[in-house]
Amino acid sequence: MEIDIRALETYNKLAHDGAQSAVKSLSQLTGISTRVEVTDVSLMSPSDLQYEFIGNEYAGVSIDLTGEIRGETVLAFDEQARTAVTDVLVPADDPEMKKSSIKEVGNIMTSGFIDGWANHLNTKIKSSPPTYIEGTGTEVLPRSATEGDSHLLVFRSRVEASRGGVNEPVDFRILLVPDQTSLETALEPQTDTSISFEKLEVFNEMTKEGAEKSASNITSMTGIETSVNISRLSLVPLEDIPAEVGTKRYVGTVMEFQGKLSGYLIILFDQPSGRAVVDSLVPMETEGEWGEMEQGALQELGNIMTSGFIDGWANVLNAEIKHSPPKFVADIGSSIMSPIIAQIAQTDDHAFLLDSSIETDSDRVFTCQMLALPRRDELEEALDEILVENSGNTEVDPNDLF
């Protein structure tokens with residue numbers, strides 16, 4: 001299956017505009033101020049999508065789509081968002097009325113989300129009556145996101161909400177998972193800017209394997225057991241990427257890579273994870289500051305992780321990819337990303353973002369996010385040349401890492 005990249009960008013914009021229409025309807029109904037933080041289209045496995053929802057309670061609606069676009073749309077509010085909405089619409093303590101209000105709000109919002117797609121395609125997209133959904137994590141996901149091992153293209157929007165001028169910790173998602181057949185028709189190449197879906201899957205798997213090698217390198221150097229929990233490839237408008245990373249404070253490294261592919265690799269540890277890594281790497285008491293010794297330890301780890309991540313690409317592409325010495329960074333996520341986005345924005349308005357999350361389930365809470373931003377034209381060219389049968393050749397000689 002060939003995907004027209006320009007068409008994919010158009011549909012991503014439609015998803016963003018649809019989300020804007022949906023949150024406008026919510027604001028009119030409830031008075032809750034909302035804005036769309038991020039909209040992207042992500043290639044990911046069902047298990048990776050499921051992991052994003054694990055452990056949280058959600059309520060919302062599910063709607064089946066038929067017509068030019070077929071699939072399933074899910075609108076899901078977390079507990080805080082559901083309470084904020086129902087407290088406005090149903091002040092009385094009536095569980096059934098609160099459930100009905102979520103169903104009605106969801107119906108109105110998803111209608112706004114879908115209408116833009118129908119207008120663009122100049123066709124009717126029929127939607128089923130909304131089904132109320134409630135549950136923990138994967139219980140609220142589209143059915144296609146809980147079945148099988150094949151990759152999904154998921155249009156995702158995340159919304160920030162506030163009421164009375166005070167930001168609330170609201171998690172509000174809109175997901176559209178089209179079925180493969182209608183997606184193939186919608187994204188049928190009309191220009192020469194097409195990419196093979198199968199090769200995108202290969203590249204996403206290469207990225208996940210690279211992240212797993214990096215996780216293994218963390219464990220080898222620090223003794224902290226880690227694993228890769230999420231790995232996805234997303235097409236994202238550049239202006240949305242800083243919000244994708246958010247305003248949490250991080251320490252880590254930034255590297256530029258060049259060769260068959262060029263771009264940036266950003267490795268971000270949240271503050272406690274960064275401190276745990278440094279404590280494992282530096283065999284002496286430190287004063288808790290990010291001094292020269294601590295920065296050097298993270299830079300060395302970043303160098304080893306980068307080699308494990310990028311060398312797999314080089315082997316499959318049969319090309320040399322070099323990277324610059326890692327640069328230490330310590331700031332909020334969006335501020336770390338902004339100067340990198342400014343560089344890429346000189347030639348592109350969208351980017352392929354490769355996002356992998358490394359975590360541990362031990363008592364030592366640990367999170368690390370690896371973000372790769374290859375130049376889009378070079379990625380398209382590399383994917384065009386890639387041999388799917390060569391995709392297993394990601395092995396790296398351990399001696400090359402040191």
Side-chain angles (χ1 to χ4, degrees), residues 203-222 224 226-233 241 245 250-270 273-274 276-278 280-282 290 294-331 333 336-337 339-341 343-344 351-360 366-375 378-379 382 393-402:
F203 197 76
N204 198 43
E205 284 302 312
M206 288 163 51
T207 299
K208 186 167 187 175
E209 289 178 20
E212 288 170 348
K213 289 184 175 69
S214 294
S216 177
N217 291 340
I218 292 175
T219 300
S220 296
M221 290 187 71
T222 66
I224 301 173
T226 60
S227 61
V228 178
N229 291 317
I230 296 176
S231 185
R232 59 175 171 250
L233 185 156
I241 292 178
V245 181
Y250 293 97
V251 293
T253 55
V254 173
M255 282 79 64
E256 188 171 2
F257 55 89
Q258 295 178 325
K260 186 73 173 180
L261 282 178
S262 63
Y264 297 88
L265 179 65
I266 304 96
I267 299 174
L268 301 177
F269 297 90
D270 63 20
S273 300
V277 166
V278 167
S280 299
L281 294 174
V282 180
W290 296 106
E294 291 84 353
Q295 292 184 31
L298 276 183
Q299 286 171 317
E300 178 60 22
L301 179 61
N303 193 49
I304 300 301
M305 291 175 65
T306 300
S307 295
F309 189 85
I310 289 178
D311 285 355
W313 291 357
N315 286 350
V316 173
L317 296 172
N318 194 27
E320 187 176 34
I321 301 176
K322 295 182 177 181
H323 64 86
S324 65
K327 176 185 175 183
F328 176 81
V329 290
D331 208 333
I336 292 171
M337 297 302 296
I340 298 169
I341 299 307
Q343 288 292 322
I344 299 174
F352 281 103
L353 175 66
L354 297 134
D355 182 4
S356 298
S357 174
I358 300 174
E359 299 182 6
T360 180
F366 179 98
T367 60
C368 172
Q369 192 171 15
M370 299 187 70
L371 303 163
L373 283 164
R375 295 283 181 183
E378 294 177 8
L379 176 59
N393 184 28
T394 59
E395 289 303 315
V396 181
D397 185 343
N399 294 322
D400 293 340
L401 300 180
F402 301 92

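- Residues forming a ring-ring contact (aromatic ring centres under 6.0 Å, His included) with F257 (at least two apart in sequence, or on another chain): W313.
- The CD1 atom of I304 lies 6.5 Å from the CG atom of N217; values are rounded to the nearest 0.5 Å.
- Nearest heavy atoms, Y250 versus D270: CD2-N, 3.7 Å.
- For the side-chain contact (heavy atoms from CB on, under 4.5 Å) test, residues two or more places apart in sequence or in another chain that qualify with E205 are H151.
- For the pair S273 (side chain) and T367 (backbone), a donor-acceptor distance under 3.5 Å is present.
- Rounded to the nearest 0.5 angstrom, I310 CD1 and L317 CG are separated by 11.5 Å.
- For S324, the side chain to side chain donor-acceptor pair (under 3.5 Å) criterion is met by no residue, not counting sequence neighbours.
- The side chain to side chain donor-acceptor pair (under 3.5 Å) test applied to T207 returns no partner, not counting sequence neighbours.
- When all heavy atoms of N204 and S231 are compared, the pair lying nearest together is ND2-O, 3.9 Å.
- From M337, atom CE reaches atom CD1 of I344 across 7.0 Å, with rounding to the nearest 0.5 Å.
- The one candidate from D355, V329, I340 that meets the side-chain contact (heavy atoms from CB on, under 4.5 Å) condition with I266 is I340.
- Under the 3.5 Å distance criterion, the side-chain polar atoms of Q299 are matched with a main-chain donor or acceptor of P326.
- Evaluated for a side-chain contact (heavy atoms from CB on, under 4.5 Å) with I336, the options V254, V245, L371 yield exactly one hit, V254.
- In this structure, S227 OG and E359 CD are separated by 7.5 Å, a value rounded to the nearest 0.5 Å.
- Considering OG1 of T253 and CE of M370, their distance stands at 8.0 Å, rounded to 0.5 Å.
- Without hydrogens or angle criteria, S220 side chain to S216 main chain gives a donor-acceptor distance under 3.5 Å.
- Put simply, the side chain of I267 does not reach to within 4.5 Å of the side chain of F309, judged on heavy atoms.
- A search for side-chain contact (heavy atoms from CB on, under 4.5 Å) contacts involving T226 returns A215, I218, T219, I224, I358, F366, not counting sequence neighbours.
- The side-chain heavy atoms of V251 and V277, taken from C-beta on, include no pair separated by under 4.5 Å.
- Contact of the F269 side chain with the L301 side chain is registered, since non-hydrogen atoms from C-beta on lie closer than 4.5 Å.
- Q295 places a side-chain N or O within donor-acceptor distance of the main-chain N or O of W290, the cut-off being under 3.5 Å.
- The nearest pair of heavy atoms linking L298 to G252 is CD1-N, 4.4 Å.
- Between atom CG of residue L373 and atom CG of residue L354 there is a gap of 8.0 Å, rounded to the nearest 0.5 Å.
- Residues passing the side-chain contact (heavy atoms from CB on, under 4.5 Å) test with A314 are I321, sequence neighbours excluded.
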